There are 2 protein chains.
Amino acid sequence: MTGIAQRVAGFEGQLRDAGLRMTQQRRLILRVLAEADDHPDAKGIFTRAFALDPTLSLSTVYRTMKVLETQGAIERHAFEDGVSRYEHADQEHHDHLIDVESGEVIEFSSDAIEELQRRIAAELGYELVRHRLELYGRKKRPGVRGKKG
Amino acid sequence: MTGIAQRVAGFEGQLRDAGLRMTQQRRLILRVLAEADDHPDAKGIFTRAFALDPTLSLSTVYRTMKVLETQGAIERHAFEDGVSRYEHADQEHHDHLIDVESGEVIEFSSDAIEELQRRIAAELGYELVRHRLELYGRKKRPGVRGKKG
DNA sequence: ACGCTATTGCAACGCACTTGCATTTGTCAA
DNA sequence: TTGACAAATGCAAGTGCGTTGCAATAGCGT
């Protein structure tokens, strides 16, 4: 895993190249994101960041998320409830499985499914640009399999 | 294809069994949905239905969509823009490919991808409950293939 | 240190969707 | 048919997430 400090520093240069500024607020939000191992929404990010700097405002979070997304520093997802959730983007492409009972989000990736999607699009006469795949599942209890359980 | 009239009549019985009423508004919305071959949102359905009966209100459309979904008469999807789109449910399961240029929605289904998803979930220790799969693609121009085109 | 302008906080706004309430209207029983 | 009761409707107000106009603040190059 890359260190948080390096990540933030690296992003600072990226911003500067785009003529943007590395503000206290952006640094703070970036840190919260880097420390997150889940998929928080704007309010969640705000809450965590606000605890560290109570002058932060929610609209700054929204604006910052937009900047970060444009810069490719984070990825935005909207699961079933429709609210935008974020994760930092310094990782391999992956899709998500959501536990329908707990709401827990599990990441996974499958070359087979990526390839299959590309092929399906091709068969329909399309070049695949991107996709959205979410699996919703229920945890299997080990030892219970089949109707006769 | 099933006739619209039968579909509406069939649904009427379904409603009655659930202790609900077949009102003029529901009949009207059902007809609009049956005649739609696209994936309209609530406002789109309202516009089409309003043209046939200008006493209809938008909140009735929203409420009716909820009833229809609960009864399993329609399916709700939310693509990238987040607004809910609807289609009648008397068809096989399918996923969607969205043309990123025109917004056109193409339906497709693939047993291979269904099976693969089930397997992936199983490998993570989950039983697949449902999924959401959307492909976003760009129309391939015939005769242009590869970089040297 | 200075000045330009990006960025911020705040409050107001936009949009999709929901809801409280008084009124209308299916439906079922007589 | 008619009557009555609960379900459904229209309207307007309310939610919730996200955006935006504006005046004040603060990065950053000089």
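Reminder, nothing fancy here: chain letters follow the sequence lines and each chain counts from 1. Nothing here was measured: the structure is a model prediction, and the numbers come from that model.
- Heavy-atom distances under 4.0 Å link DNA chain D to K43(A), S59(A) of residues 37-59 of chain A, given in residue order.
- Tested against H39(A), the residues E107(A), R85(A), E104(A) include a single side chain to side chain donor-acceptor pair (under 3.5 Å) partner, E107(A).
- Comparing V61(A) and T23(B) by the nucleotide of DNA chain C whose heavy atom lies nearest to each, the residue mapping closer to the 5' end is V61(A).
- When all heavy atoms of E80(B) and R132(A) are compared, the closest pair comes out as N-NH2, 4.0 Å.
- Taking the six-membered ring for Trp and thresholds of 30 and 60 degrees, F79(A) and H77(A) have nearly parallel ring planes, at less than 30 degrees apart.
- Atom-to-atom, CZ of R63(B) to C1' of dT19(C) comes out at 7 Å; the value is rounded to the nearest Å.
- If you check dT19(D), dT18(C), dG10(D) against the side chain of Y62(B), the one that comes closest is dT18(C).
- Whole-Å rounding puts the K66(B) NZ to dA8(D) C1' distance at 14 Å.
- Contacts of residues 79-88 of chain B with DNA chain C (heavy atom under 4.0 Å): V83(B), S84(B).
- Between the C1' atom of dT19(D) and the CZ atom of R76(A) lies a distance of 13 Å, rounded to the nearest Å.
- Side chains of H94(B) and E87(B): a donor on one and an acceptor on the other come within 3.5 Å.
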Begin from the C-alpha positions of T55(B) and Q24(B) and carry the test side chain to side chain contact (heavy atoms under 4.5 Å, CB included) through to its verdict.
-> CA-CA 11 Å; T55(B) 67; Q24(B) 288 308 316; over 6 Å; no

Apply side chain to side chain contact (heavy atoms under 4.5 Å, CB included) to D38(B) and V105(B), showing your working.
-> CA-CA 8 Å; D38(B) 53 351; V105(B) 177; over 6 Å; no

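- Within a 6.0 Å sphere centred on CG of D81(B), other residues, nucleotides and ligands contribute more than 12 heavy atoms.
- Looking only at atom types and distance, the side chain of E134(B) has no donor-acceptor partner in the side chain of H96(B) under 3.5 Å away.
- Counting to the nearest Å, the C1' atom of dT25(C) and the CD atom of Q24(B) are 10 Å from each other.
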Apply the test side chain to side chain contact (heavy atoms under 4.5 Å, CB included) to residues H131(B) and D95(B): give CA-CA distance (whole Å), side-chain angles for both, the deciding distance (0.1 Å), then the verdict.
-> CA-CA 9 Å; H131(B) 71 260; D95(B) 294 306; 3.0 Å; yes

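- Residue Q25(A) has a polar side-chain atom (N or O) positioned under 4.0 Å from OP1 or OP2 of dG9(C).
- If you check distances only, the side chain of R16(A) never reaches the base of dG29(D) with a donor-acceptor pair under 3.5 Å.
- T47(B) places a side-chain N or O within 3.5 Å of a backbone atom of K43(B) that can act as its donor or acceptor partner.
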So which protein nitrogen or oxygen atoms get under 3.5 Å of nucleotides 4-7 of chain D's nitrogens or oxygens?
| residue | atom | partner | partner atom | Å |
| --- | --- | --- | --- | --- |
| dA6(D) | N3 | R21(B) | NH1 | 3.2 |
| dA6(D) | N3 | R21(B) | NH2 | 2.9 |
| dA7(D) | O4' | R21(B) | NE | 3.3 |
| dA7(D) | O4' | R21(B) | NH1 | 3.2 |
| dA7(D) | O4' | R21(B) | NH2 | 3.2 |
| dA7(D) | N3 | R21(B) | NH1 | 3.0 |

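- Taking atom CG on L15(B) and atom P on dT9(D), their separation rounds to 10 Å, with Å as the unit.
- Cluster membership for V67(A) and Y62(A), using ILVMFWY side-chain heavy atoms within less than 4.5 angstrom, is shared.
- Side-chain N/O atoms of R27(A) and base N/O atoms of dG27(D) include no donor-acceptor pair closer than 3.5 Å.
- Between the C1' atom of dG29(D) and the CG atom of D17(A) lies a distance of 15 Å, rounded to the nearest Å.
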